[in-house]
Amino acid sequence: MSALTTNDKLVRMANQIAGFFRSYPDDEAVAGIHKHIVAFWTPKMRRALEAHGPEEGSGLDPLALRAITSTHDQSDSPIRAATTDPHLQGAGASDAG
């Protein structure tokens, strides 16, 4: 059993994402972190990080904190609609052959 709490794990993952984007200009890094979290994290995970992140001593990277508190459209996922909605599977597929 891990000694880390769920919040500790979320902070660690968010900080890893921030580490990846560290070499980008700040605005691009914040947008990239935000898009990654929206695309790959569940709403429950995002809400937990949003609630925990701003707390003093949370350990959250400043770029990740900006990303979770940014005003980007939360529904704007970089994942194609056909991937996230099985009813749209095949939409936009070629009708050739």
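Predicted model, so just to flag it, every value in this text is computed and none were measured.
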message = salt bridge (charged side-chain N to carboxylate O under 4.0 Å, His left out), that's the test. Do Asp61 and Arg12 meet it? Break it down for me.
response = CA-CA 9 Å; Asp61 183 287; Arg12 182 183 67 205; over 6 Å; no
ask   = Which heavy atom in Ala14 sits nearest to a heavy atom in Ala64, and how many Å separate them?
value = O-CB, 4.0 Å
task = Work out which heavy atom in His36 is nearest to a heavy atom in Ile17; give both atom names and the distance.
result = CD2-CD1, 3.1 Å
task = Provide the closest heavy-atom pair for Gly53 versus Leu60 in the form atom of the first, atom of the second, distance.
result = CA-CD2, 3.7 Å
ask   = Shortest non-hydrogen contact from His52 to Ser58?
value = O-CB, 3.6 Å
ask   = Given Ile68, which of Ile33, Leu49, Val38, Val30 fulfils the side-chain contact (heavy atoms from CB on, under 4.5 Å) condition?
value = Leu49
key: Residue from Met13, Lys9, Glu50 passing side-chain contact (heavy atoms from CB on, under 4.5 Å) with Met45   = Met13
ask   = Heavy-atom distance under 4.5 Å between the side chains of Ile37 and Arg46, does that happen here?
value = yes
inquiry  = Testing the basics here: between Ala29 and Leu63, what is the closest heavy-atom pair and its distance to 0.1 Å?
reply    = CB-CD1, 4.1 Å
